[in-house]
Amino acid sequence: MLLQVKDLVAKLSESDKVILKGVNLEINPGEVHAIMGPNGSGKSTLANVIMGNPKYEVVSGDIFFEGESILELRTDERAQRGIMMTFQNPYEIEGVKLDQLLLIAYRKLHGEDKTFFQLDKEMKSILNDVSLPSEFLERFVNLGFSGGERKKGEILQARFLKPKLLILDEIDSGLDVDALRIVASQINKLKEEGTSLLIITHYARILNYLDVDKVHVYVDGKVALTGDKSLAYEVEETGYAIVNGSSQNA
Ligand code: ADP
Ligand code: MG
Ligand code: MG
């Protein structure tokens, strides 16, 4: 198993507010999972806790990556193991160009396995895949990027850095249909190249374009229902009340 989240309870570090209330989730290598849930249910918090964001504190339960607990690891150590997440609201880094950031990050993750020439070529080829102009790599990270450019930029980073597990937090929010198709095709490509994915979303729309292994309905800090893609469409029809109408895993 690649990722196992086990009875995970987590709270804000600075208060007693518990947000994750016993999350269970298992992702095998090569699988694509989607998490759907209403606003404020704790989806972004789950992603942040998996990455080790110090804003949150694990109260009980565990997170295993490739069979080992990662709870004691810092965020950068988790990244080094091959876990990557994109942000619902990506940060801006003035003074750092995207290609510089990517090359440094690649070397840190994968060492010297490819020459600079190979990496440069690869970066440009991915840039083309996501339909971004070549000057995009010369710009400061996320600075003045449009919403769609940021999201494509995040996908470009993931394709280039090749994490074992990629967590996408609302990568589809605010994308027009063309950008959505591009992002979805890149997600499928990531899967083909061996990355496992956890896709956090409000809408079933992006799933139309994806090869998804499992859909989890997430309500009030835990996974309430698990199914295949059809579950996503049921949720879109019925709303999250679907959770109350079923006893499966609830
Ligand atoms: P979702 O991503 O499903 O919309 P979040 O994980 O962002 O949900 O938030 C879940 C709940 O926890 C919300 O009520 C939110 O206000 C609260 N919360 C999350 N992070 C923080 C934080 N850093 N400080 C205060 N409240 C937070
Ligand atoms: Mg939200
Ligand atoms: Mg969120």
Side-chain angles (χ1 to χ4, degrees), residues 1-27 31-65 68-79 81 83-91 151 154 163 165-174 196-204 206-207 212 214-227 231-232 235-236 238-250:
M1 198 172 307
L2 186 68
L3 177 78
Q4 184 183 20
V5 177
K6 205 164 176 259
D7 302 323
L8 188 66
V9 176
K11 67 175 197 65
L12 288 177
S13 297
E14 290 184 344
S15 82
D16 291 332
K17 185 178 159 89
V18 172
I19 303 174
L20 305 186
K21 301 174 181 171
V23 180
N24 285 292
L25 186 67
E26 294 180 356
I27 303 180
E31 285 182 348
V32 175
H33 289 226
I35 287 190
M36 294 179 79
N39 250 324
S41 57
K43 303 182 300 298
S44 293
T45 300
L46 174 62
N48 276 285
V49 172
I50 294 171
M51 279 318 296
N53 185 330
K55 274 190 195 159
Y56 307 96
E57 199 177 293
V58 172
V59 176
S60 60
D62 214 329
I63 305 170
F64 299 95
F65 190 71
E68 269 180 58
S69 175
I70 56 168
L71 287 189
E72 300 304 319
L73 300 183
R74 294 189 312 263
T75 297
D76 61 307
E77 294 170 322
R78 297 181 198 204
R81 297 270 174 113
I83 311 175
M84 176 174 170
M85 116 178 231
T86 68
F87 293 90
Q88 198 172 334
N89 302 299
Y91 53 88
K151 304 275 168 121
E154 296 275 328
L165 175 68
L166 175 63
I167 304 171
L168 298 172
D169 194 2
E170 295 196 29
I171 190 88
D172 50 339
S173 292
S196 301
L197 287 110
L198 181 58
I199 299 167
I200 296 170
T201 181
H202 275 300
Y203 305 107
I206 191 170
L207 306 182
V212 179
K214 275 186 183 160
V215 171
H216 308 280
V217 179
Y218 188 91
V219 179
D220 192 25
K222 59 180 164 215
V223 173
L225 267 178
T226 294
L231 180 58
V235 168
E236 212 149 64
T238 319
Y240 292 103
I242 189 175
V243 168
N244 306 317
S246 168
S247 59
Q248 184 196 339
N249 283 345

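Please read these numbers as outputs of a predicted model, since none were measured by experiment.
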Search all heavy atoms of P54 against all heavy atoms of S13 and return the closest pair with its distance.
O-OG, 2.7 Å

Separation between CE (M1) and CG (L25), nearest 0.5 Å, reads 10.0 Å

Side chain S41, main chain V219, donor-acceptor under 3.5 Å
no

Show your working on side chain to side chain contact (heavy atoms under 4.5 Å, CB included) between N48 and M85 and close with a plain yes or no.
CA-CA 8 Å; N48 276 285; M85 116 178 231; 4.1 Å; yes

With sequence neighbours left out, the residues meeting salt bridge (Lys or Arg N to Asp or Glu O under 4.0 Å) with R74 are D76, E77

How long is the gap from CD on E57 to CG on D16, to the nearest 0.5 Å?
9.5 Å

For residues H33 and H216, report the shortest heavy-atom separation together with the two atoms involved.
ND1-NE2, 2.8 Å

Which heavy atom of A224 sits nearest to which heavy atom of V243, and what is that distance?
CB-CG1, 3.4 Å

Does any part of the side chain of Y218, heavy atoms only, come nearer than 4.5 Å to the side chain of L46, both counted from C-beta?
yes

Are any side-chain N or O atoms of S196 and backbone N or O atoms of L165, one a donor and one an acceptor, separated by less than 3.5 Å?
no

Heavy-atom closest contact (G37 atom, H202 atom, distance):
O-ND1, 3.4 Å

Sequence neighbours left out, what passes salt bridge (Lys or Arg N to Asp or Glu O under 4.0 Å) with K21? Give chain and number order.
D220

Can you find a heavy atom in the side chain of R81 that is under 4.5 Å from one in the side chain of L73?
yes

I need the single residue from T201, I206, I199 that forms a side chain to side chain contact (heavy atoms under 4.5 Å, CB included) with L168. Which is it?
I199

Atom pair OH (Y56) and CD (E14), whose distance is rounded to the nearest 0.5 Å:
11.0 Å

Rounded to the nearest 0.5 angstrom, the CD-NZ distance for E170 and K151 is 7.0 Å

How long is the straight-line distance from CD1 of I167 back to CD1 of I83, given to the nearest 0.5 Å?
6.5 Å

Would you say that F64 contacts I70 through its side chain, given a criterion of any heavy-atom pair below 4.5 Å between the two side chains?
no

Step by step, work out the side chain to side chain contact (heavy atoms under 4.5 Å, CB included) result for V235 and V215.
CA-CA 10 Å; V235 168; V215 171; over 6 Å; no

Nearest 0.5 Å, please: how far is CD1 in I27 from CG in L197?
8.5 Å

Any donor-acceptor N/O pair, K43 side chain to I35 backbone, under 3.5 Å
no

Report yes if some heavy atom in the side chain of I50 is under 4.5 Å from a heavy atom in the side chain of L198; otherwise report no.
yes

Are the side chains of V49 and I19 in touch, meaning some heavy atoms are under 4.5 Å apart?
no

When you compare the side chain of M51 with that of N53, does any pair of heavy atoms fall below 4.5 Å?
no

Would you name the heavy atoms of I242 and L231 that are closest together and state the gap between them?
CD1-CD1, 4.1 Å

Do you know which two heavy atoms are closest between L3 and I63, and how far apart they sit?
CD1-CG2, 3.8 Å

List the steps and the verdict of side chain to side chain contact (heavy atoms under 4.5 Å, CB included) for N24 and D7.
CA-CA 5 Å; N24 285 292; D7 302 323; 3.0 Å; yes

Report, as yes or no, whether the 6.0 Å neighbourhood of atom NZ on K11 holds more than 12 heavy atoms from other residues, nucleotides or ligands.
yes

